Amino acid sequence: MLVPGMLCDDDLWTGVRDGLGARTVTAAITAPTITAMAAQVLGTTAGPFALIGLSLGAIVGFEVMRLAPERVTAFCAISTNAAAPTPAQLSGWRATAERVERGEFDDVVKDDILPTMFSPRAADALAARFTGMAARIGPDGLRAQLAAQATRTDAFPVLAQATCPILVVCGDADALCPVDFHQRIAATAPGGRLHVVPGAGHLLPMERSRESSELLRAWLPDTAPAA
């Protein structure tokens, strides 16, 4: 189960998906709350699954584990934050939503969000792919995702009770979610393991698709449910 981040769609996993050696499905998260997004993920397929989520997708994954831990055989959280929103984040999301409502979606994507998505060395090469994904999500989708972000809760109690293997992956050049966020996630989960990718930014599966694919492929055989 692949769950993309904010303003991302299935193209986030291009270059990763085919190398996983397992059947994959990408969940769409379009609801205005994290709990409703988690319900969308759980409704995407029947039975157990290994969940790989990036950023908002991993935040939704934490909620999936709270609602239906028996469905999740393994969880990979990439470039994310398990803490509840801060007042500054809540204020910033409201301001962004107001700008989108005024018709400034393109400026928000280009000027505010895109500069935080990649390491400097990858930004130029991947900018068009990201803005293409953002355009497909669109203003209404972004407003729903911002509203959902505001309903986040502290996921550390869920992580502390997790029984499945948990792989935490991040880049040390992530402008949004620094390494210490991920260190805390891996340390909290009983089955937690941390992998840091030197020089990688926030959208790590796009920026380092081959490395991401190889890492996940090596992890999945040990965590996938038996046939």
Side-chain angles (χ1 to χ4, degrees), residues 2-14 26-41 53-64 77-155 170-171 173-182 200-207:
L2 306 176
V3 190
M6 194 167 74
L7 286 179
C8 296
D9 60 17
D10 192 48
D11 189 34
L12 174 69
W13 309 108
T14 299
T26 300
I29 47 173
T30 59
T33 71
I34 295 298
T35 299
M37 286 180 170
Q40 288 181 308
V41 171
L54 178 137
S55 196
L56 176 58
I59 291 166
V60 174
F62 300 141
E63 182 70 357
V64 169
I78 306 172
S79 306
T80 196
N81 183 358
T86 65
Q89 285 176 314
L90 293 169
S91 176
W93 294 329
R94 285 194 297 269
T96 298
E98 289 170 0
R99 289 184 61 198
V100 174
E101 188 71 35
R102 293 196 300 265
E104 300 177 35
F105 174 77
D106 290 342
D107 290 338
V108 165
V109 171
K110 180 181 177 182
D111 298 334
D112 294 355
I113 299 177
L114 175 59
T116 67
M117 291 294 101
F118 305 104
S119 68
R121 69 179 184 180
D124 290 344
L126 294 172
R129 276 183 63 192
F130 175 72
T131 56
M133 290 194 299
R136 291 190 291 274
I137 300 300
D140 291 343
L142 177 56
R143 283 198 298 269
Q145 291 175 341
L146 290 167
Q149 289 273 29
T151 71
R152 279 167 40 189
T153 58
D154 182 348
C170 65
D174 190 332
L176 291 179
C177 299
V179 172
D180 63 302
F181 286 12
H182 304 84
H202 189 65
L203 295 190
L204 200 153
M206 291 181 70
E207 188 169 326

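Here the structure is a predicted model, which means the values were calculated and not measured. The first residue in the sequence is number 1, and the count goes up from there.
Checked against Met37 for a side chain to side chain contact (heavy atoms under 4.5 Å, CB included), the options Leu56, Val3, Thr30 give a single hit: Leu56. The residue from Thr33, Thr35, Thr153 that alone fulfils the side-chain hydrogen bond (donor to acceptor under 3.5 Å, both in side chains) condition with Glu63 is Thr35.
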Do Met206 and Leu12 pass the side chain to side chain contact (heavy atoms under 4.5 Å, CB included) test, and can you show the C-alpha distance, the side-chain angles, and the key distance before you say yes or no?
CA-CA 6 Å; Met206 291 181 70; Leu12 174 69; 3.7 Å; yes
Just do the side chain to side chain contact (heavy atoms under 4.5 Å, CB included) check on Leu203 and Phe118 with the steps written out, would you?
CA-CA 6 Å; Leu203 295 190; Phe118 305 104; 3.7 Å; yes
Could you walk me through whether Arg152 and Asn81 pass the side chain to side chain contact (heavy atoms under 4.5 Å, CB included) test, one step at a time?
CA-CA 10 Å; Arg152 279 167 40 189; Asn81 183 358; 3.5 Å; yes
Quick one, Val60 with Ile34, criterion side chain to side chain contact (heavy atoms under 4.5 Å, CB included). Give me CA distance, side-chain angles, the key distance, then yes/no.
CA-CA 6 Å; Val60 174; Ile34 295 298; 4.3 Å; yes
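Atom CG in Leu2 sits 9.0 Å away from atom CD1 in Ile78 (nearest 0.5 Å). Rounded to the nearest 0.5 angstrom, Glu104 CD and Asp111 CG are separated by 9.5 Å. From Ile113, atom CD1 reaches atom OG1 of Thr131 across 11.5 Å, with rounding to the nearest 0.5 Å.
Looking only at distances, a side-chain donor or acceptor of Gln40 sits under 3.5 Å from a matching main-chain atom of Ala31.
Remark: Ser55 engages His202 in a side-chain contact (heavy atoms from CB on, under 4.5 Å) (not counting sequence neighbours). Taking Phe62 as the reference, Phe75 meet the ring-ring contact (aromatic ring centres under 6.0 Å, His included) condition, with sequence neighbours excluded.
Closest of all the heavy-atom pairs between Leu176 and Pro178 is O-CD, 3.5 Å. Contact between Phe130 and Cys8 at its shortest, heavy atoms only, is CE1-SG, 4.3 Å. Closest of all the heavy-atom pairs between Arg129 and Asp11 is NH2-O, 2.9 Å. Pro4 and Ala27 make their closest contact through CD-O, 3.3 Å (heavy atoms, listed as atom of the first residue, atom of the second, distance). Taking every heavy atom of both residues into account, His182 and Thr80 meet most closely at NE2-N, 2.9 Å. When all heavy atoms of Cys170 and Leu204 are compared, the pair lying nearest together is C-CD1, 3.4 Å.
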Taking distance alone, no hydrogens or angles, what donor-acceptor pairs closer than 3.5 Å link side-chain atoms of residues 86-97 to residues at least two apart or in another chain?
unit_1, atom_1, unit_2, atom_2, d
Thr86, OG1, Gln89, N, 3.1
Gln89, OE1, Thr86, N, 2.9
Thr96, OG1, Gly92, O, 3.0

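Looking at Arg99 and Asp107, no side-chain N of the basic residue comes within less than 4.0 Å of a carboxylate O on the acidic one, giving no salt bridge.
Within a 6.0 Å sphere centred on CG of Asp180, other residues, nucleotides and ligands contribute more than 12 heavy atoms.
Ser79 is listed as a side-chain neighbour of Leu54, based on a closest heavy-atom distance under 4.5 Å. Leu146 is listed as a side-chain neighbour of Met6, based on a closest heavy-atom distance under 4.5 Å.
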